[in-house]
Amino acid sequence: MEALPVIVDCDPGHDDALALLLAAGDPRLRLLGVTTVAGNQTLDKTTRNARRMLALAGVAGIPVAAGCDRPLVGDLIVAGDIHGESGLDGPDLDVPLAGMPRVADVHAVELMRDLVAGSPDPVTLIALGPLTNVALLLRTHPDVSSRLRRIVFMGGSTERGNTTPYGEFNIVTDPEAADVVLRSGLPITMIGLNVTHQALATPGIIAEFQGMGTRLGAVCAELMTFFAGAYRRNFGFPDPPVHDPVAIAAVLDPPIVRTAAVPVAVELTGTHTRGATVVDLHRRTATAPNADVAVALDVDAFWRLLMTAVRKLGAAAG
Ligand code: RIB
Ligand code: CA
């Protein structure tokens with residue numbers, strides 16, 4: 001079966017870092033390009049981190065472009081309490097600059113457009129951060145829509161939030177962008193906290209990364225060790241949930257998540273609920289479905305996918 005062409009838009013971010021490895025390491029995907037957005041950290045840091053992870057994974061020749069440095073409306077509030085000052089605190093990631101992919105001298109939106117327009121097959125856009133770049137792409141280049149196979153995004157929740165009581169970070173950071181995407185009429189898959197909170201990097205997972213005997217495995221172990229401390233301190237979680245790789249896994253192995261086609265709205269004006277994803281799971285409104293929302297995850301299959309990809313990349317990169 002032909003590898004599926006994908007673009008990953010991300011804000012690395014510990015879980016974005018693992019997602020990039022899965023996207024680059026699984027042969028079912030053809031990673032056309034990586035774009036970065038401000039979110040977990042400022043744009044300069046998320047861009048540097050994406051480049052670092054691709055270099056560590058020994059992935060060459062993939063274009064990287066930086067996108068928006070703030071949400072469409074309002075100010076950027078980063079997640080330094082979760083991802084640290086660098087956005088990838090924990091391991092020593094001083095990759096020699098020479099080995100890092102260069103940053104394209106075009107905006108992420110233009111790289112996305114060029115890659116989609118140049119692809120012989122429709123492209124799946126996988127968004128792992130605030131949806132600012134994706135919303136701008138749809139508004140700046142509406143012609144792109146017909147060449148997009150699907151937008152799959154990690155964000156929102158059918159339950160409660162993580163950044164506000166009812167708001168998940170990627171949506172809360174840029175609610176207007178999420179609203180543009182969810183109203184686009186395009187095929188959309190939403191991978192929310194309700195499933196990603198099941199993908200926990202347990203001590204066994206961390207030991208498995210460490211046991212790979214590769215630099216990449218060791219970096220993943222150190223990333224998850226830092227991430228575990230952050231989630232313990234901030235949320236009392238015993239182990240950290242790796243949100244973003246679940247969105248990648250849902251593209252390369254769709255049966256790994258069970259989804260429901262339901263209406264999803266973004267709260268834009270609620271005093272206490274701005275940025276909440278209002279998911280009508282039981283169809284109590286007359287609204288037509290606009291997204292396939294993940295409601296269950298095959299956790300064991302997910303970890304097998306991710307560990308296989310990291311092991312393969314690590315062995316090749318040394
Ligand atoms: O709420 C979790 C999401 O926000 C993840 O994508 C994480 O990397 C942050 O971007
Ligand atoms: Ca992210």
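First listed ligand is number 1; within each ligand, the first listed atom is number 1. Residue indices begin at 1 and follow the sequence shown.
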Self-check item: Centroid separation F169 to H243 less than 6.0 Å
Solution: no

Pairs of nitrogen or oxygen atoms, one from ligand 1 and one from the protein, closer than 3.5 Å: please tabulate them with distances.
unit_1, atom_1, unit_2, atom_2, d
ligand 1, 1 (O), N162, ND2, 2.8
ligand 1, 1 (O), E168, OE2, 2.6
ligand 1, 4 (O), N170, OD1, 3.2
ligand 1, 6 (O), L128, O, 2.8
ligand 1, 6 (O), N170, ND2, 3.0
ligand 1, 6 (O), D244, OD1, 2.6
ligand 1, 6 (O), D244, OD2, 3.1
ligand 1, 8 (O), D15, OD1, 2.6
ligand 1, 8 (O), D15, OD2, 3.1
ligand 1, 8 (O), D16, OD1, 2.9
ligand 1, 8 (O), N40, ND2, 2.9
ligand 1, 8 (O), D244, OD2, 3.1
ligand 1, 10 (O), D11, OD1, 3.2
ligand 1, 10 (O), D11, OD2, 3.0
ligand 1, 10 (O), N40, OD1, 3.4
ligand 1, 10 (O), N40, ND2, 3.3
ligand 1, 10 (O), N170, OD1, 2.8

Self-check item: Ring centers of H83, F227 separated by less than 6.0 Å
Solution: yes

Practice problem: Please indicate whether D81 has more than 12 foreign heavy atoms, meaning atoms of other residues, nucleotides or ligands, lying under 6.0 Å from its CG. | Solution: yes

Exercise. Could you tell me whether the Ca ion (ligand 2) has an N, O or S atom of D244 under 3.0 Å away?
Key: yes

Practice problem: Using a strict 4.0 Å threshold on nitrogen-to-oxygen distance, state whether E208 and R311 make a salt bridge. | Solution: yes

Exercise. Check whether any side-chain heavy atom of M112 lies under 4.5 Å from a side-chain heavy atom of H141, and answer yes or no.
Key: no

Quiz item: Can the ring centroids of Y166 and H272 be said to lie less than 6.0 angstrom from one another?
Solution: no

Quiz item: Within less than 3.0 Å of the Ca ion (ligand 2), any N, O or S from G39?
Solution: no

Quiz item: How wide is the angle at the Ca ion (ligand 2) between OD1 in D16 and OD1 in D11, to the nearest 10°?
Solution: 80°

Quiz item: Charged N to carboxylate O under 4.0 angstrom, D292 versus R150?
Solution: yes

